[in-house]
Engineer: 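What follows is a structure written as structure tokens; I'll ask about it next.
Residue numbers begin at 1 in each chain, while the letters A, B, ... track the order of the sequences. Since we're looking at a predicted model, the values are computed, not measured.
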Number of protein chains: 2
Amino acid sequence: MPISGFPEWLPPQRIIEQQILDKIRSTFELYGYASLETRAVEPLDILLSKGETSKEVYLLHRLQEDENARRDDQLGLHFDLTVPFARFVTENHGKLQFPFKRYQIQKVWRGERPQEGRYREFLQADIDVVGRDTLPFHFDTEMPLVIGDVFRSLPIPDAVILVNNRKVCEGFYRGLGLEDTAQVLRTVDKLDKIGPEKVAAALVETAGATDAQAAACLALAGISAADGSFADRVRALGVSDPLLDEGLAELLQVVETAGEHAPGLVRAELKIARGLDYYTGTVYETQLKGYERFGSITSGGRYDNLASVGNTRFPGVGISIGVSRLLGLLFGQNALSVSRSVPTVVVVALPSEDRRAACDRIAAKLRRRGIATEVAPAAAKFGKQIQFADRRGIPFVWFPSEAGAASEAGETGETDTVKDIRSGEQVDADPETWQPPTVDLHPSVSAS
Amino acid sequence: MPISGFPEWLPPQRIIEQQILDKIRSTFELYGYASLETRAVEPLDILLSKGETSKEVYLLHRLQEDENARRDDQLGLHFDLTVPFARFVTENHGKLQFPFKRYQIQKVWRGERPQEGRYREFLQADIDVVGRDTLPFHFDTEMPLVIGDVFRSLPIPDAVILVNNRKVCEGFYRGLGLEDTAQVLRTVDKLDKIGPEKVAAALVETAGATDAQAAACLALAGISAADGSFADRVRALGVSDPLLDEGLAELLQVVETAGEHAPGLVRAELKIARGLDYYTGTVYETQLKGYERFGSITSGGRYDNLASVGNTRFPGVGISIGVSRLLGLLFGQNALSVSRSVPTVVVVALPSEDRRAACDRIAAKLRRRGIATEVAPAAAKFGKQIQFADRRGIPFVWFPSEAGAASEAGETGETDTVKDIRSGEQVDADPETWQPPTVDLHPSVSAS
């Protein structure tokens with residue numbers, strides 16, 4: 001029985017997922033990010049140090065454990081990859097070189113109520129850079145370049161990375177005269193859910209804003225631009241504050257660096273805040289064009305205070321691709337297809353069971369040259385063996401030469417032949433030299 | 001804090017693990033196995049259907065769940081990949097093509113007491129073939145070929161796959177006149193732990209054997225051969241039984257097919273039984289030469305009765321590589337090393353912070369051609385930037401031409417240059433055409 005919130009892909013979908021993961025990984029590596037995996041579990045106090053998601057944690061208990069033991073051994077499954085990474089860095093900082101760039105592609109678990117695009121088990125692909133004591137700002141500008149390159153390498157709709165900077169919001173609110181900037185941020189973050197009227201009312205009620213201050217907050221949240229013009233529009237609101245200036249300069253740097261790398265990749269979107277508490281500057285989200293209603297498929301930002309050991313801080317910046325969410329969305333729309341459901345390029349036809357050893361030798365020669373090969377499972381009629389390949393989308397069937405076997409329907413002759421079962425073309429072939437077209441070496445994934 | 005039994009690798013170890021996983025995966029695919037991943041959790045009744053490991057299961061509870069809810073929602077983490085695969089096949093059999101060959105590389109969890117080579121969280125790499133109603137025996141002969149090819153592709157000691165067949169043991173015990181063959185098998189399986197005298201005594205005590213019968217069981221268990229001679233030695237013990245004959249014929253086929261593929265790869269070892277209940281014929285283990293004391297690093301076998309839907313059975317055969325166990329063992333012996341701890345091939349030196357955009361462009365050109373590149377994190381002295389590369393084992397440092405920047409210590413000139421910091425050799429280079437030696441494109445792993 002399927003379990004709600006724990007998606008499983010069928011073999012063709014899994015091939016698509018794997019090729020997408022390969023592209024993600026190779027792009028991450030091109031930027032120098034090193035692979036890391038952390039254990040699936042963390043002590044509960046580590047997981048709860050980031051308060052908001054406490055109710056979503058899955059705890060582990062051994063089946064035979066008695067009730068008393070439970071209190072000592074409170075392990076839970078990680079719900080993201082940032083908290084475990086911060087723990088890993090503080091635990092191993094003496095063995096790492098800083099700035100430390102790592103990527104991490106792993107499942108995470110949340111005990112949330114499942115809904116479209118929300119799973120209880122899902123795959124994330126994260127990059128983060130962490131420095132010791134300080135981390136130069138230019139790493140904040142690198143995140144969108146990496147994500148942009150990842151998405152450009154995939155057969156999916158265009159992505160737009162939405163960027164904001166918490167310093168802009170906090171500085172603006174402070175400059176306006178609002179003290180509880182965290183409360184204002186949390187309230188404005190509900191804009192898409194509850195609309196501007198309710199946000200304005202909530203700002204007045206819970207953050208002590210006047211109507212004019214609430215209107216100014218909404219005006220800031222309404223600013224959105226694919227170039228540096230957002231800064232002028234913010235300044236035109238007439239608020240000044242040193243933190244606001246710092247945030248605008250940072251955000252401008254992100255937008256301009258991304259604009260040079262790939263025009264249209266990034267948009268300054270001043271309403272995004274990301275709910276989590278630990279971000280201190282830049283924040284990122286990503287929308288797929290035409291799929292905006294599905295919400296963000298990346299999330300990330302700068303966190304200056306997540307990890308420390310004694311007096312040493314490890315500030316970081318990172319971004320996470322919601323791989324399961326992206327795939328669930330695209331699979332749900334039948335937006336991706338794959339040329340076959342198995343890695344196999346060639347099926348070696350089996351004239352009779354007593355020739356299996358000879359057919360295994362042909363297969364071994366092809367495999368040694370990197371060509372994925374199966375020998376037919378049984379010495380059925382060749383028509384049935386071709387059907388075996390056809391049903392799986394395997395492009396080629398290999399017919400061994402007659403030596404030692406009766407010819408059937410003229411399919412076998414003096415030399416081996418190989419047939420492209422899509423075109424029907426059949427040619428003489430030697431397993432030591434025959435090469436399939438490069439495009440057929442692996443299943444190919446495309447937008448459908 | 002590290003948690004006992006939940007290993008985490010440092011970045012250089014993780015690169016080694018990843019390259020080993022890449023080799024495993026590509027070998028699996030060369031034989032036509034398709035990738036599959038199943039969810040990490042299974043309902044408790046599925047996990048407990050394979051009785052022996054019930055005490056090792058980790059159960060999941062949501063942190064905010066009340067006590068009453070716990071009984072309905074008994075999910076546990078999977079402790080192997082075979083039970084989830086069998087469940088997946090019965091759930092999706094209408095959407096799969098049989099025989100279905102799949103590989104699965106995932107973490108599994110067991111609440112065991114941790115000890116050397118035994119973890120609570122570990123990575124397995126499994127292949128299985130499952131048929132509908134029947135599964136030809138030749139798939140039993142394929143398992144050692146795949147595993148042999150995997151191990152030959154890795155920089156590790158030679159592996160010997162030990163093979164037995166439960167039909168040989170059960171037929172032999174039955175032919176001897178012993179009825180409770182399962183009890184005999186379980187007792188003989190303790191041979192390496194408790195020695196022959198105690199096994200003989202236990203056979204007399206718990207399986208109703210005479211001293212002569214016990215001695216015959218031990219004589220069978222003592223047979224070991226790298227070729228077909230084991231069959232003659234079994235027959236020389238003078239026991240006859242149809243199941244014994246069937247088992248000997250099957251085991252002979254495995255040994256001979258493997259012997260043709262790779263001499264010395266397989267050894268018939270008539271004492272191995274594998275503790276788990278579900279194997280019905282062939283069983284496999286693997287020892288690394290020189291590391292025999294660490295125990296088996298693969299396990300597997302034929303299971304004819306693990307999965308069924310109504311009257312339809314799905315017999316299978318498979319083998320599992322204990323990746324974490326293998327790596328833990330080799331890391332513990334410092335038996336593997338890697339040329340660098342990051343994917344980066346080139347560091348672009350930064351003459352001054354205002355030239356970062358120009359350096360980013362050089363990096364983008366190199367990345368576009370598949371060369372992993374980082375720009376130096378800060379415009380420090382070039383000596384320090386070279387040290388940045390050297391500490392990480394990055395082989396090349398790129399020096400941008402002077403245009404727009406002051407030359408420092410003669411390192412920058414009219415054109416870009418690239419320096420191999422291992423040899424000190426420095427040459428003119430164009431980011432659109434320069435190519436590092438192929439061997440430097442990725443970190444290289446070797447036996448150390």
Engineer: Chain A heavy atoms under 4.5 Å from B/Arg392: which part of the residue, side chain, backbone, both or neither?
Structural biologist: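 It is the side chain, since no backbone atom gets that close.
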Engineer: Where on A/Ile371 is there a heavy atom nearer than 4.5 Å to chain B: the side chain, the backbone, both, or neither?
Structural biologist: backbone
Engineer: Just by modelled atom types, is the A/Ala40 backbone N or O under 3.5 Å from a matching donor or acceptor in the A/Lys107 side chain?
Structural biologist: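 The answer is no, because no donor-acceptor pair under 3.5 Å joins these two groups.
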Engineer: Could you give the distance from CD (A/Gln74) to CG (A/Leu47), rounded to the nearest 0.5 Å?
Structural biologist: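 Reported value, rounded in 0.5 Å steps: 10.5 Å.
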Engineer: Judged by atom type as modelled, is there a donor-acceptor pair below 3.5 Å linking the side chain of B/Thr344 to the main-chain atoms of B/Ala372?
Structural biologist: no
Engineer: To the nearest 0.5 Å, what is the distance between CD on B/Gln104 and OG1 on B/Thr38?
Structural biologist: 4.0 Å
Engineer: Measure across B/Val130 and B/Phe98 and return the closest heavy-atom pair with its distance rounded to 0.1 Å.
Structural biologist: O-CD2, 3.3 Å
Engineer: side-chain contact (heavy atoms from CB on, under 4.5 Å) between A/His78 and A/Trp109: does it pass, once the steps are laid out?
Structural biologist: CA-CA 6 Å; A/His78 56 214; A/Trp109 295 269; 3.7 Å; yes
Engineer: Nearest 0.5 angstrom please: B/Glu37 CD to B/Phe88 CZ, how far?
Structural biologist: 11.0 Å
Engineer: side-chain contact (heavy atoms from CB on, under 4.5 Å), that's the test. Do B/Tyr58 and A/Arg62 meet it? Break it down for me.
Structural biologist: CA-CA 4 Å; B/Tyr58 278 115; A/Arg62 289 201 306 283; 3.5 Å; yes
Engineer: Heavy-atom cut-off 4.5 Å, strictly under: side chain, backbone, both or neither for B/Leu44 against chain A?
Structural biologist: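 The side chain, not the backbone.
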Engineer: Under 4.5 Å heavy-atom distance to chain A, tell me which part of B/Pro443 shows up: side chain, backbone, both or neither.
Structural biologist: neither
Engineer: If you draw a 6.0 Å radius around NE2 in B/His93, do more than 12 non-hydrogen atoms from other residues or ligands fall strictly inside?
Structural biologist: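 Yes, NE2 of B/His93 has more than 12 neighbouring heavy atoms, counting only those of other groups under 6.0 Å.
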Engineer: Could you look at B/Leu145 and say if it's the side chain, the backbone, both or neither that has a heavy atom under 4.5 Å from chain A?
Structural biologist: neither
Engineer: Is B/Phe28 in contact with chain A via its backbone, its side chain, both, or neither, using a 4.5 Å heavy-atom distance?
Structural biologist: neither
Engineer: Go through the atoms of B/Ile394 and report whether side chain, backbone, both or neither lie under 4.5 Å from a heavy atom of chain A.
Structural biologist: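 For B/Ile394, no heavy atom lies under 4.5 Å from chain A.
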Engineer: State, to 0.1 Å, how close B/Gly76 and B/Val57 come at their nearest heavy-atom pair, and which atoms those are.
Structural biologist: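 Closest heavy-atom pair between B/Gly76 and B/Val57: CA-CG1, 4.3 Å.
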Engineer: Among B/Asn92, B/Thr257, B/Val41, B/Leu96, which has the most heavy-atom pairs under 4.5 Å with chain A?
Structural biologist: B/Val41
Engineer: Give the member of A/Arg356, A/His442, A/Lys95 that has the highest number of heavy-atom pairs under 4.5 Å with chain B.
Structural biologist: A/Arg356
Engineer: I'd like to know if B/Arg152 pairs up with B/Asp149 as an ion pair, taking the criterion as any Lys NZ or Arg NE/NH1/NH2 lying under 4.0 Å from an Asp or Glu carboxylate oxygen.
Structural biologist: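 Looking at B/Arg152 and B/Asp149, the cut-off is met.
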Engineer: For a quick test of reading the model, state the closest non-hydrogen atom pair linking A/Leu350 to A/Ala376 and the distance between them.
Structural biologist: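 In terms of heavy atoms, the two residues are closest at CD2-O, 4.0 Å.
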Engineer: Contact part of B/Ser341 toward chain A, heavy-atom cut-off under 4.5 Å: side chain, backbone, both or neither?
Structural biologist: backbone
Engineer: By the salt bridge (Lys or Arg N to Asp or Glu O under 4.0 Å) test, which pairs, at least two apart or in different chains, include something from residues 359-371 of chain A?
Structural biologist: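 Those involving residues 359-371 of chain A are A/Arg361-B/Glu260.
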Engineer: Return the set of residues passing side-chain contact (heavy atoms from CB on, under 4.5 Å) with B/Ser4 (not counting sequence neighbours), or none when no residue passes.
Structural biologist: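 B/Pro114.
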Engineer: When heavy-atom pairs shorter than 4.5 Å are enumerated against chain A, which of B/Leu36, B/Leu366, B/Thr90 gives the highest number?
Structural biologist: B/Leu36
Engineer: Which region of B/Tyr103, side chain (C-beta onward) or backbone (N, CA, C, O), has a non-hydrogen atom less than 4.5 Å from a non-hydrogen atom of chain A, or is it both or neither?
Structural biologist: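 The answer is the side chain of B/Tyr103.
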Engineer: If we define contacts as heavy-atom pairs under 4.5 Å, which of A/Ala34, A/Pro377, A/Ala378, A/Pro11 has the most with chain B?
Structural biologist: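 The candidate making the most pairs under 4.5 Å is A/Pro377.
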Engineer: Which atoms of B/Glu121 come close to chain A, meaning under 4.5 Å heavy atom to heavy atom: side chain ones, backbone ones, both, or neither?
Structural biologist: side chain
Engineer: Of all the heavy-atom pairs spanning B/Gly370 and A/Leu30, show the shortest one and how long it is.
Structural biologist: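 The answer is C-CD2, 3.5 Å.
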Engineer: Select one option (side chain, backbone, both, neither) describing which atoms of B/Gln97 are under 4.5 Å from chain A's heavy atoms.
Structural biologist: both
Engineer: Check the orientation of B/Trp9 and B/Tyr119. Use parallel for under 30°, tilted for 30 to 60°, and perpendicular for over 60°.
Structural biologist: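 B/Trp9 and B/Tyr119: perpendicular rings.
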Engineer: Among residues 133-141 of chain A, which ones touch chain B with a heavy-atom distance under 4.5 Å?
Structural biologist: A/Pro136, A/His138, A/Phe139
Engineer: Closest approach of A/Gly5 and A/Pro7, non-hydrogen atoms and distance?
Structural biologist: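 Where A/Gly5 meets A/Pro7 most closely, the heavy atoms are O-CD, 3.3 Å.
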Engineer: Could you tell me whether the side chain of B/Lys101 and the main chain of A/Val342 form a donor-acceptor pair under 3.5 Å?
Structural biologist: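 Here the side-chain-to-backbone pair does not exist.
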Engineer: Counting only non-hydrogen atoms closer than 4.5 Å, does A/Glu91 touch chain B with its backbone (N, CA, C, O), its side chain (CB onward), both, or neither?
Structural biologist: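 Answer is side chain: those atoms of A/Glu91 sit under 4.5 Å from chain B.
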Engineer: Which residues from residues 13-21 of chain B are near chain A, with near meaning under 4.5 Å between non-hydrogen atoms?
Structural biologist: B/Arg14, B/Gln18
Engineer: If you count heavy-atom pairs under 4.5 Å with chain B, which of A/Ser35, A/Ala357, A/Gly131, A/Ala364 comes out on top?
Structural biologist: A/Ser35
Engineer: Could you tell me which of A/Phe6, A/Tyr33, A/Tyr31 has the largest number of non-hydrogen atom pairs under 4.5 Å with chain B?
Structural biologist: A/Tyr31
